[in-house]
Amino acid sequence: MKPFLEAIDERVLVCDGAMGTMLYAKGVFINQCFDALNLTAPGRVAEVHAEYARAGADVIETNTFGANRIKLRGFGLADRLRDINVEGARLARSAAGTQAYVAGAMGPLGIRIEPWGRTGKDEAEAYFREQAEGLVAGGVDLFVLETFRDVTELKAAIAAIRSVCALPIVAQMTIEEDGNSLDGTPPEQFTPELESHADVVGVNCSIGPAPMFETIERMSAVTRARLSAQPNAGRPRDVDGRNIYLSSPEYIASYAKRFMSRGVRLVGGCCGTTPEHIRLIKLAVKTPAPDLTQVAHDPGGASSYVTVVKTADAQGPVVPRAQRSQLARALADGRFATIVELRPPKGCLSDEVVEHARLLKLRGVDVVHVPDGSRGARMSALSLAVLLQEHAGVETVLQYASRDRNLLGMQSDLLGAHAMGLRNVMLVTGDVHTVGDYPDATGVFDVDSIGLTNVVTRLNQGLDIGGQPIGSPTAFHIGVLVNPGAEDLDRELRRFEYKLEAGAEFAVTRPIFDVGTFERFLARVDLARLPLLVGLWPFESVLNAEFMANEVPGVRVPEAVLERMRRAGAAGPEAAVAEGVAIACEIGRELEGAVQGIHIATPSDRIESVIEVLSGLR
């Protein structure tokens with residue numbers, strides 16, 4: 001056989017179709033690790049490969065889409081990574097023989113990488129590299145990187161392969177029906193970004209052939225690179241509780257010719273496609289390949305690539321930090337700031353919280369912090385923050401957790417919050433809730449607090465997560481949390497550094513009860529880089545103190561403090577409350593000169609304790 005790139009330049013090649021769809025049809029349950037079948041049920045995998053080879057596929061993809069360390073770890077199979085990939089390549093080779101090329105299939109890691117997640121690009125490259133090494137050892141002819149939503153992650157995979165071998169690479173993004181990636185990056189941007197790194201650039205999965213054709217048209221308008229298209233067999237429909245793909249082989253094949261007319265050199269199928277789809281696609285592409293010189297035109301008239309489309313600049317000036325909010329101005333001027341936390345109420349009535357906010361404003365509190373992610377049927381933090389600003393006339397800090405939202409949903413929420421006048425945000429990942437009023441509720445965790453900080457920083461630059469202009473930039477004042485009492489302080493400080501690099505402008509600590517712990521933390525951070533506010537928590541009972549000491553990760557309560565609460569508790573509940581206030585005041589006074597503000601919270605919204613702490617600090 002000719003080298004893959006020579007063959008694809010001479011004729012349109014046909015890739016195989018879905019592996020998962022076929023295995024599921026053969027009785028493999030979807031909760032199994034399909035990649036591990038290379039070792040546990042090789043006969044079934046080989047049978048699928050053979051069916052696609054008989055259908056006329058020119059390229060057989062290995063059954064290794066999820067065979068990377070991160071995904072295999074979830075099945076307890078990380079130590080079998082090399083074996084799964086090597087055997088996957090050998091099984092595909094046995095079916096392909098000398099009639100088809102074997103492509104090492106690699107999908108995304110299943111985690112977010114920087115700037116959206118905590119995993120560095122170098123770490124991602126290492127994960128992809130070990131998978132690529134296994135596939136090369138198994139004897140693949142090329143690589144197909146598919147179903148990627150993040151260009152940065154896809155480029156990390158390409159770099160990893162390039163560090164292992166010089167085999168051809170097909171790099172494919174997955175898109176929505178509007179043609180943009182799942183993160184909102186348009187094809188006019190990701191196509192030029194990828195063409196200098198990969199040998200073939202394309203799209204696959206998520207959508208059917210009609211919307212994919214429109215995307216291919218947009219891609220062909222900005223590049224003369226070789227293109228690929230592997231659509232689903234339409235959108236799945238629920239038929240008697242099963243997801244069924246209803247696009248017929250004839251319909252899919254009719255689009256193969258349309259893809260060819262727009263420069264597609266590799267066409268195949270993704271979810272829902274079968275050997276019958278591939279057989280008819282093969283028949284459709286046997287006509288002569290289209291003249292690629294008519295596919296895309298260089299505006300300058302040259303015969304090479306078109307001009308690369310670069311990310312658009314923000315429309316409007318970036319708002320200086322000190323002009324974003326009253327809190328931002330105070331911290332920029334070096335003034336000591338006071339923040340008090342008020343939790344959203346249960347139900348839809350907010351009158352009591354509004355009155356508390358008014359009282360706090362009269363007491364000189366600069367900002368009210370509204371926490372996110374409360375359990376049970378509570379008002380949303382965003383809604384309460386707006387109500388407090390409108391009805392109590394007090395500025396708020398909206399805590400916003402990434403736990404329960406996907407990336408695009410978070411972007412929409414934040415744009416809406418800005419439109420309603422919110423400017424201060426406290427960006428957190430959010431705790432994992434496995435118990436509570438809704439034990440079956442699950443988190444999303446599309447990105448963590450570092451990725452979320454990058455999102456808001458980009459909005460402040462007038463760009464969305466896909467790098468496209470949003471009009472006038474937002475003017476968020478960005479805050480983050482930091483835990484001086486973390487069990488692994490080195491890791492906490494690394495994450496804190498990542499938050500600073502992502503654009504954090506002020507930080508609030510978790511509640512502090514141990515001055516020594518806090519001072520050790522201070523010795524390792526550069527306070528000149530951003531204002532730091534210390535968290536204070538007045539204990540309300542001995543039970544509350546013991547809970548914080550023994551059941552809240554990362555919070556350190558010295559035994560001497562616990563003993564003080566026990567002695568006070570022996571004298572009665574009111575004495576315990578007073579002692580909790582006294583401890584908070586002592587910590588606040590001792591650290592006042594080392595920080596630029598305080599953040600006061602209570603477990604049961606006891607406004608009286610907050611006011612007593614405020615009085616004790618003045």
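The residues of the chain are indexed from 1 along the displayed sequence. Here the structure is a predicted model, which is why all the values come from computation and not from measurement.
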*Take R112 and L407 through the test side-chain contact (heavy atoms from CB on, under 4.5 Å) and record every step on the way to the result.*
CA-CA 11 Å; R112 286 287 189 174; L407 195 55; 3.6 Å; yes
_side-chain contact (heavy atoms from CB on, under 4.5 Å) between L182 and E176, intermediate numbers included_ = CA-CA 6 Å; L182 271 59; E176 296 279 15; 4.0 Å; yes
*Using the side-chain contact (heavy atoms from CB on, under 4.5 Å) rule, take M548 and N544 through it: C-alpha gap first, then chi angles, then the decisive distance, then the call.*
CA-CA 6 Å; M548 294 296 287; N544 179 224; 4.0 Å; yes
*Carefully, step by step, assess D448 and K499 under the rule salt bridge (Lys or Arg N to Asp or Glu O under 4.0 Å).*
CA-CA 10 Å; D448 66 0; K499 293 175 184 180; over 6 Å; no
*Would Q411 and R458 count as a side-chain contact (heavy atoms from CB on, under 4.5 Å) if you check the C-alpha gap in whole Å, the side-chain angles of each, and the deciding distance to 0.1 Å?*
CA-CA 10 Å; Q411 181 176 247; R458 188 165 292 192; over 6 Å; no
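The side-chain heavy atoms of V508 and V397, taken from C-beta on, include no pair separated by under 4.5 Å. The closest side-chain heavy-atom distance from R324 to N460 is below 4.5 Å. Taking the side chain as every heavy atom from C-beta outward, L327 and F506 approach each other to under 4.5 Å. Two residues are said to be in side-chain contact when any heavy atoms from C-beta on lie closer than 4.5 Å; M173 and N180 fail this criterion. A heavy-atom distance below 4.5 Å is not found between the side chains of T223 and P192. Residues S350 and L384 have side chains in contact (heavy-atom distance under 4.5 Å, counting atoms from C-beta outward). Considering only heavy atoms from C-beta on, F190 stays 4.5 Å or farther from D183 through its side chain. I470 has its side chain within reach of L459: a pair of non-hydrogen atoms, C-beta onward, lies under 4.5 Å apart.
In this structure, H197 has no ring-ring contact (aromatic ring centres under 6.0 Å, His included) partners at least two apart in sequence or on a different chain. Scored by the side chain to side chain contact (heavy atoms under 4.5 Å, CB included) test, A322 finds R329, A332 as partners (sequence neighbours excluded).
Contact between V319 and T474 at its shortest, heavy atoms only, is CG2-O, 4.5 Å. Minimum heavy-atom separation, N232 to C205: OD1-CA, 3.3 Å. Counting all heavy atoms, side chain and backbone alike, F128 lies closest to A160 at CB-CB, 3.6 Å. Shown here for V455 and W116, the closest heavy-atom pair between the two residues is CG2-CZ3, 3.3 Å. P317 approaches P473 most closely through the heavy-atom pair O-CG, 3.5 Å. The heavy-atom pair separating C271 from A18 by the smallest distance is CA-CB, 4.0 Å.
Of the residues T602, V354, V353, T396, the one that meets the side-chain contact (heavy atoms from CB on, under 4.5 Å) test with L342 is V353.
To the nearest 0.5 Å, atoms CG (L398) and CE (M420) are separated by 9.0 Å. Taken to the nearest 0.5 Å, the CZ atom of F336 stands 8.5 Å off from the CD atom of Q596. L493 contributes atom CG, which lies 9.0 Å from atom CG of D488 (distance to the nearest 0.5 angstrom). How far OG1 of T147 is from CD of Q230: 8.5 Å, rounded to the nearest 0.5 Å. Atom CG of residue L145 and atom CZ of residue F65 lie 10.5 Å apart, to the nearest 0.5 angstrom. Taken from CD1 in I465 to CG in L408, the straight-line distance is 4.5 Å, to the nearest 0.5 Å.
Between E492 and R495 no salt bridge is recorded (no basic side-chain N to carboxylate O distance below 4.0 Å). Salt-bridge formation is not detected for the pair E123/R69: no Lys NZ or Arg NE/NH1/NH2 atom is positioned less than 4.0 Å from an Asp or Glu carboxylate oxygen. Between D178 and R218 there is no salt bridge, since no side-chain N of the basic residue sits under 4.0 Å from a carboxylate O of the acidic one.
Aromatic ring pairs are classed by plane angle as parallel below 30°, tilted from 30° to 60° and perpendicular above 60°; the pair F521 and F496 is tilted.
The backbone N or O of E188 lies less than 3.5 Å from no partner atom in the side chain of T191, so there is not a single donor-acceptor pair. The backbone N or O of G421 lies less than 3.5 Å from a partner atom in the side chain of Q389, making a donor-acceptor pair. Remark: side-chain polar atoms of T338 are not paired, donor with acceptor, to backbone N or O of V365 under 3.5 angstrom. In this structure a side-chain-to-backbone donor-acceptor pair under 3.5 Å is missing from T509 to V534. Side-chain atoms of R556 do not come within 3.5 Å of backbone N or O of T517 as any donor-acceptor pair. No donor-acceptor distance shorter than 3.5 angstrom exists from the side chain of R510 to the backbone of V482, with no hydrogens or angles considered. Looking only at distances, a side-chain donor or acceptor of R378 sits under 3.5 Å from a matching main-chain atom of P344. Remark: side-chain polar atoms of H477 are not paired, donor with acceptor, to backbone N or O of E505 under 3.5 angstrom. E114 places a side-chain N or O within donor-acceptor distance of the main-chain N or O of K121, the cut-off being under 3.5 Å. Side-chain N or O atoms of N204 include none that pairs as donor or acceptor with a backbone N or O of E146 at under 3.5 Å.
Residue E352 places its CD atom among 12 or fewer non-hydrogen atoms of other residues, nucleotides or ligands, all under 6.0 Å distant. Atom CG of L362 has more than 12 neighbouring heavy atoms from other residues, nucleotides or ligands inside a 6.0 Å radius.
For the residue pair E395 / N424, a side-chain donor-acceptor distance below 3.5 Å is found, with atom types taken as modelled.
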